[in-house]
Amino acid sequence: QEGLRDLLCQGAFESIFCLDYFGEKVALYYLWLGWYTRMLVPAAVIGIVVFLYGLAFFNTSPLIHEVCDSNITMCPRCDIRCSVWNLSDTCTNAKVSQLFDNEGTVAFAMFMAIWATLFLELWKRHRALHVSKWKVFDWCEEEEELILEIVNNPQCKPKEFRHSYLRSIVVLLLVTLVLVVIIGLAHALVICRVLTAILLSQSEWDFFRDHATTIAMLSGAVLHYITIQVMTRVNKTVAFKLCEFEKTRSFAATEKRFTVKMFTFQFFTLFSSLFYVAFFLGRINGYPGNYVRIAGKWRLEECHPSGCLTDLFIQMAVILVLKQTINNIFEKCGNCYRKACREEEGNFNLCDLCKLRSWLDNYDLNDVNAFSLFNEFLEMVLQFSFTTIFVAAFPLAPLLALINNIFEIRLDAIKMVSLERRLVPKKTNDIGVWTRILEAVGVMAVIANGLVIGISSDFIPRLVYRYHYGPCATKVSNQKVCSEDFNYKDYRNDEDQSLTSQFWLILALRFAFVILFEHVVVMCKFIAAWFIPDSPIRVKNDRLDDKLRRLKKELHAIYNSRCTEV
């Protein structure tokens, strides 16, 4: 460990050292994490460019000038103590929305969808190159299990594959029940935000009344983060119990099923509230005179004055920053305060390791188990999901992920070498079911970003206004608009509140854009996946040479045995 500690201090904790000390499974984790971090560099750079593009033109946009110079009177945002307000009051908010809701966002969302495919396809080549060097390209998990069984008991019999439809149905129903509970928690968060906004809008303080919506969204994001932390422990326990109920034939099968269940639970916990903010917030709350109310009393929350996409941006920014900072602090620094650091009276004294004076014995280090590496993978794959899904609302997500991963690699290495017991080395040639999960996330990213741009953002309404109704097109007569938010127009007639032709035109163009966006991006993903082979030519040729040498040896052995018999 002293030698590895020196390597850490020199910044040389590479996959080859992981291979020699921790085995192929841990080495592949660091290999994948390093590749993911390097691939984040172009995504982060382009995200910064898109953000700077919005920053450069947000003050010169004609749409912004129309908002800032408008004299339109808007309807009250709440029932009590809220008065009418002018559209020009949202001038600053409208400028802010241009930072991440502009033409560059569409191109960036398409780029990130293709980037996810390139990342996976290039990772497969990168993995093939290294596992070929490690001589585990043709390693088989089932053969390894059989060998271990034979070593332990030469007379053993293989554990046969079994499948119970009854158990599968029960597990499916229980998983569905857990997901319903998680979605119910998302509804509870919505109610909390509604009540918070109502209480703040009735406050005696002008600051709280004027920023009730923003404060409610921020508090809802923090509460969502707390919910994620609590549900992570609950989800892990439930996933373990379900795997025990399934009675899989081997630990490898248990690990795969646990991975799928745990990721599904965590994905719904993390994204259920974000899906509500992205696709339902401000769209199901009715209109003046016919509001949708919770329990017939409280009005549903409205979008941020600068648009519904701003709410999604705030929610993602808060959760991502909290997850990457607080999680790392508790995960890494919290490992210093072990059982050896506590006295019987409950007082707190720093141990030798915390004071950096000497090494503790391996027995005093933090315990590890077979799922210790799983936790690291889960954290990074969820970050990958956060970076690709809804990236249209938060172009700076790849930059924050890159900054986090630069520290994550070293902190994980320090934790494994200095703070935890040594993981049992295990042989493997792939990251397992995580590859399929990453592919599924890439497909969901295409769908989610297409819907965010087409449905949630104001990209389509702005184009329609610019080229069909605005000064660049035909002059139209001024129409009296009474809506809760400039960026969410109901497009209703003043007389009977029926939907106008503008609504149906924009709705048709929204769905047309979503279909076009998804088809174009999916086609580009398939072309990229077809164009890039999974294994480099050098690896294929090396494997071909190995097979040729092996076959020659086998044929030579058969020939010699026949000659001996004769």
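The figures here come from the full heavy-atom set of this structure, side chains too, leaving out hydrogens, waters and symmetry mates. In this text the structure is predicted, and so the values were computed from the model without any measurement.
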> Between Q383 and E408, does a side chain to side chain contact (heavy atoms under 4.5 Å, CB included) hold up when you go through it step by step?
Replying inline: CA-CA 12 Å; Q383 184 205 84; E408 182 77 21; over 6 Å; no
> Do F517 and I447 pass the side chain to side chain contact (heavy atoms under 4.5 Å, CB included) test, and can you show the C-alpha distance, the side-chain angles, and the key distance before you say yes or no?
Replying inline: CA-CA 9 Å; F517 177 88; I447 300 173; over 6 Å; no
> So do W434 and L378 actually touch side chain to side chain, heavy atoms under 4.5 Å?
Replying inline: yes
> Donor-acceptor pair, T254 side chain versus S250 backbone, under 3.5 Å?
Replying inline: yes
>> Testing the basics here: between C192 and T196, what is the closest heavy-atom pair and its distance to 0.1 Å?
In response: O-OG1, 2.7 Å
> Where the side chain of Y36 meets the backbone of F119, is there a donor-acceptor pair that is under 3.5 Å apart?
Replying inline: no
>> Can you list everything that forms a salt bridge (charged side-chain N to carboxylate O under 4.0 Å, His left out) with R538? Sequence neighbours excluded, please.
In response: none
> Of the non-hydrogen atoms in V446 and A113, which two are nearest, and what is the gap between them?
Replying inline: CG2-CB, 3.7 Å
> Just one of F258, F374, F265 clears the ring pair (Phe, Tyr, Trp, His ring centres under 6.0 Å) bar with F240, so which one?
Replying inline: F258
>> Working to the nearest 0.5 angstrom, can you tell me the gap between L516 CG and F511 CZ?
In response: 15.0 Å
> Are P398 and W115 close enough that some pair of their side-chain heavy atoms sits under 4.5 Å apart?
Replying inline: no
>> Would you say that more than 12 heavy atoms from the other residues, nucleotides or ligands in this model lie under 6.0 Å from the NZ of K426, or not?
In response: yes
>> Counting C-beta onward and ignoring hydrogens, is there a side-chain heavy-atom pair between K323 and E379 closer than 4.5 Å?
In response: no
> Counting heavy atoms not belonging to F280, are there more than 12 under 6.0 Å from its CZ?
Replying inline: no
>> Just by distance, no angles: are the side chains of Y29 and D412 close enough, under 3.5 Å, to form a donor-acceptor pair?
In response: yes
> Do W134 and L28 have side-chain heavy atoms sitting under 4.5 Å apart?
Replying inline: yes
> Can a salt bridge be assigned to the pair E439 and K124 using a cut-off of 4.0 Å between side-chain N and carboxylate O?
Replying inline: yes
>> Salt bridge or not between K25 and E255? Use side-chain N to carboxylate O under 4.0 Å.
In response: yes
> Would you say W35 and L122 make side-chain contact, with heavy atoms under 4.5 Å?
Replying inline: yes
> Just by modelled atom types, is the D430 backbone N or O under 3.5 Å from a matching donor or acceptor in the R127 side chain?
Replying inline: no
> Once the angle between the rings of F394 and F313 is folded into 0 to 90°, is it parallel (under 30°), tilted (30 to 60°) or perpendicular (over 60°)?
Replying inline: perpendicular
>> Tell me the closest heavy-atom pair linking C524 and I114, and the distance in Å.
In response: CB-CD1, 3.7 Å
>> Less than 4.5 Å apart, side chain to side chain, heavy atoms only: is that true for E24 and N429?
In response: no
>> Tell me whether R193 contacts the main-chain N or O of A216 through its side chain, where contact means a donor paired with an acceptor under 3.5 Å.
In response: no
>> Checking the side chain of N235 only, and the main-chain atoms of M231 only, is there a donor and an acceptor separated by less than 3.5 Å?
In response: yes
> Quick one: does L33's side chain get under 4.5 Å of F377's, heavy atoms only?
Replying inline: no
>> Can you list everything that forms a salt bridge (charged side-chain N to carboxylate O under 4.0 Å, His left out) with D138? Sequence neighbours excluded, please.
In response: R543
> Between E518 and V514, is a side chain to side chain contact (heavy atoms under 4.5 Å, CB included) present by the stated rule, with each step listed?
Replying inline: CA-CA 6 Å; E518 293 180 354; V514 172; 3.5 Å; yes
> Which heavy-atom pair separates M112 from A43 by the least distance, and what is that distance?
Replying inline: SD-CB, 3.7 Å
> When rounded to the nearest 0.5 angstrom, what is the spacing between CG in L399 and OG1 in T387?
Replying inline: 10.5 Å
>> Using a 3.5 Å distance criterion without hydrogens, assess whether the side chain of H224 forms a donor-acceptor pair with backbone atoms of L274.
In response: no
> Shortest non-hydrogen contact from L118 to A528?
Replying inline: CD2-CB, 4.0 Å
>> What's the separation between atom CD1 in I437 and atom CE in M444, rounded to the nearest 0.5 Å?
In response: 9.0 Å
> Should the heavy atoms of other residues, nucleotides or ligands under 6.0 Å from CZ of R125 be counted, would the total exceed 12?
Replying inline: yes
>> Could you check whether any side-chain heavy atom of V539 comes within less than 4.5 Å of a side-chain heavy atom of F137, counting everything from C-beta outward?
In response: yes
> Do the side chain of N449 and the main chain of A392 share a donor and acceptor less than 3.5 angstrom apart?
Replying inline: yes
>> Working to the nearest 0.5 angstrom, can you tell me the gap between F271 CZ and I228 CD1?
In response: 9.0 Å
> salt bridge (charged side-chain N to carboxylate O under 4.0 Å, His left out) with E246: which residues, sequence neighbours excluded?
Replying inline: R257, K261
>> Please report the interatomic distance CG(L174) to CG(L242), rounded to the nearest 0.5 Å.
In response: 5.5 Å
> Taking all non-hydrogen atoms of both residues, which atom of V50 and which atom of T105 are closest, and how far apart?
Replying inline: CG1-N, 4.0 Å
> Are F275 and F390 close enough that their ring centers fall under 6.0 Å?
Replying inline: yes
> Between CG of L179 and CZ of F268, what distance do you get to the nearest 0.5 Å?
Replying inline: 5.0 Å
>> Test side chain to side chain contact (heavy atoms under 4.5 Å, CB included) on W32 and L438; report intermediate values, then the result.
In response: CA-CA 12 Å; W32 176 84; L438 291 171; 3.7 Å; yes
>> How about CZ on F251, more than 12 heavy atoms from neighbouring residues, nucleotides or ligands closer than 6.0 Å, or not?
In response: yes
> Does Y225 reach the main-chain N or O of V321 with its side chain, forming a donor-acceptor pair under 3.5 Å?
Replying inline: no
